[in-house]
Amino acid sequence: MDWTDQGIVLSARRHGESSVILSLLTEHHGRHAGVVRGGQSRRRRGVLQPGNLVAASWRARLEEHLGQYTVELEFGYAARVFDRADRLAALSSLCATLDECLAEREQHESLFTMTLRIIAALEQGPFAARYAEWELALLSELGFGLDLTSCAATGVVDDLVYVSPRSGQAVSKAAGEPYHDKLFRLPSFLREGGNATGRDILDGLRLTEYFLNRHVFQPQGRRLPDARERLHGLLRKAVENNRLDLDG
Amino acid sequence: MQEIERLIQLLARLPGLGPRSARRAALHLIKKPDTQMEPLARALAAAAAAIRTCSTCGAIDTTDPCAICVNPERDKSQLCIVEEVADLWAIERTGSFPGRYHVLGGRLSALDGIGPEDLNISSLVARISAEGISEVILATNLTVDGQTTAHYITERLEPTGVDVTRLAHGVPVGGELDYLDDGTLTAALRARRPL
């Protein structure tokens with residue numbers, strides 16, 4: 001068994017004295033692990049940083065074996081965000097979230113494309129709103145997409161400003177007003193795209209955090225990675241200090 | 001024979017040694033009991049009895065506080081933050097840093113679930129205010145986890161008003177540009193300075 005594919009490094013765990021078990025989000029083979037011999041060497045360690053794009057060849061005697069990877073760096077995204085705390089936190093959060101929530105060897109081609117796009121966006125320009133959109137897309141990819149097209153109570157398609165924590169469906173302003181303290185605020189950029197304020201971004205992250213926890217992490221007895229909490233904290237601080245690089 | 005097997009088992013657990021090389025090392029020791037085995041056994045026992053972790057900086061020494069912390073010739077205004085004792089030894093080998101150190105005992109890691117409470121960060125914040133330190137040099141590794149740790153410490157030290165610097169990143173001595181990875185070259189270009 002062998003194949004060659006592109007992959008985004010999600011994690012590299014030490015294995016023995018010199019090898020690592022590499023977890024990649026590949027374009028055509030989903031999240032796939034394999035051993036990299038000599039992966040702890042000085043030369044390889046830089047390549048195997050989370051977020052880097054690599055060309056990977058996987059080989060095993062049988063398909064169900066862990067197998068071995070040989071990897072070559074295609075683009076070193078990680079080093080480009082080392083200087084920026086919020087972007088580095090976003091990169092760590094994204095890789096840790098994918099590593100923990102994706103089933104192994106399940107194809108997610110569109111998720112690979114979306115993830116590569118957000119990682120590229122981390123290098124420069126606004127990224128926080130794109131990150132919230134990516135989490136929304138991740139929920140959808142995992143089969144827990146939110147229905148933001150019509151109101152859960154009345155069926156109307158306009159003026160949708162809340163999301164029901166119970167159904168994950170949008171709620172209109174009129175129908176949701178009496179229960180506004182029990183509903184999530186739906187920022188318009190998640191429904192229609194366009195500009196996002198700092199508050200919109202934090203609302204978006206709160207929304208996706210709740211549903212990721214409820215549908216993906218809590219059923220497995222886990223919680224969102226620490227890196228995700230750190231990202232949320234950094235963005236909250238940036239919004240409070242008016243330092244967030246906003247979209248538009 | 002049981003003692004020899006036990007010796008081989010223990011040697012095989014050391015980094016760089018497997019069962020075969022442990023057997024070879026054991027045989028070597030056995031052949032030279034006076035010059036190799038007994039001095040090694042005494043040195044191991046003495047080190048095990050004497051080694052302490054410095055309660056001030058987290059380094060390893062035979063005294064607590066360690067020799068670096070109590071050395072009056074060290075610059076007390078500079079503090080270098082490293083992940084592990086091995087990093088401290090690496091900087092000490094250069095002989096180019098006159099200040100003192102603080103060993104974190106690891107790095108923040110999303111993968112391994114290592115959070116700030118697992119590292120010597122609270123004691124660092126306490127040291128800054130108690131010891132009148134004016135510059136903190138972050139010498140964490142240039143990895144995602146190392147840099148995340150550096151940013152976290154910067155954030156934690158913000159209220160103290162201390163100057164926070166970090167090691168430069170770029171072309172190593174003897175490095176040829178053609179063989180460098182693009183991450184290192186990008187970092188080197190960003191950190192360029194007038195000649």
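Residue numbers begin at 1 in each chain, while the letters A, B, ... track the order of the sequences.
A 4.5 Å side-chain heavy-atom check between A/R45 and B/T143 finds every atom pair outside the cut-off. At a threshold of 4.5 Å between non-hydrogen side-chain atoms, the residues A/R84 and B/Q147 do not count as touching.
A donor-acceptor pair is defined here as one N or O able to donate and one able to accept, closer than 3.5 Å; such a pair exists between the side chain of B/H151 and the backbone of A/F82.
Between B/R166 and A/D83, the shortest heavy-atom distance links the atoms NH1-OD1, 2.7 Å. Of all heavy-atom pairs spanning B/V144 and A/A78, the tightest one is CG2-CB, 3.9 Å.
Looking at A/E123 and B/R190, a side-chain N of the basic residue comes within less than 4.0 Å of a carboxylate O on the acidic one, giving a salt bridge. The pair B/D112-A/R14 does not meet the salt-bridge criterion, since no charged nitrogen lies less than 4.0 angstrom from a carboxylate oxygen.
More than 12 heavy-atom neighbours from other residues, nucleotides or ligands sit within 6.0 angstrom of CD on A/E104. Annotation for A/E63: atom CD does not count as buried by contact number, only 12 or fewer foreign heavy atoms lying within 6.0 Å. In B/E117, the CD atom is crowded: over 12 heavy atoms of neighbouring residues, nucleotides or ligands sit closer than 6.0 Å. For B/R156, the CZ atom sits in a packed shell: over 12 heavy atoms of surrounding residues, nucleotides or ligands are nearer than 6.0 Å. Residue B/R24 places its CZ atom among 12 or fewer non-hydrogen atoms of other residues, nucleotides or ligands, all under 6.0 Å distant.
Among the candidates A/E17, A/R13, A/R43, the residue making the largest number of heavy-atom pairs closer than 4.5 Å to chain B is A/E17.
Among residues 205-237 of chain A, the residues having any heavy atom closer than 4.5 Å to a heavy atom of chain B are, in sequence order, A/A227, A/R230, A/L234, A/K237. Proximity to chain B at a heavy-atom threshold of 4.5 Å picks out A/L88, A/S92, A/A96 from residues 88-98 of chain A, in numerical order.
Residue B/T186 touches chain A through its side chain alone, counting heavy-atom pairs closer than 4.5 Å. Both the backbone and the side chain of B/L142 come within contact range of chain A, judged by heavy atoms closer than 4.5 Å. Contact of B/L189 with chain A is not made at all, since no heavy-atom distance falls under 4.5 Å.
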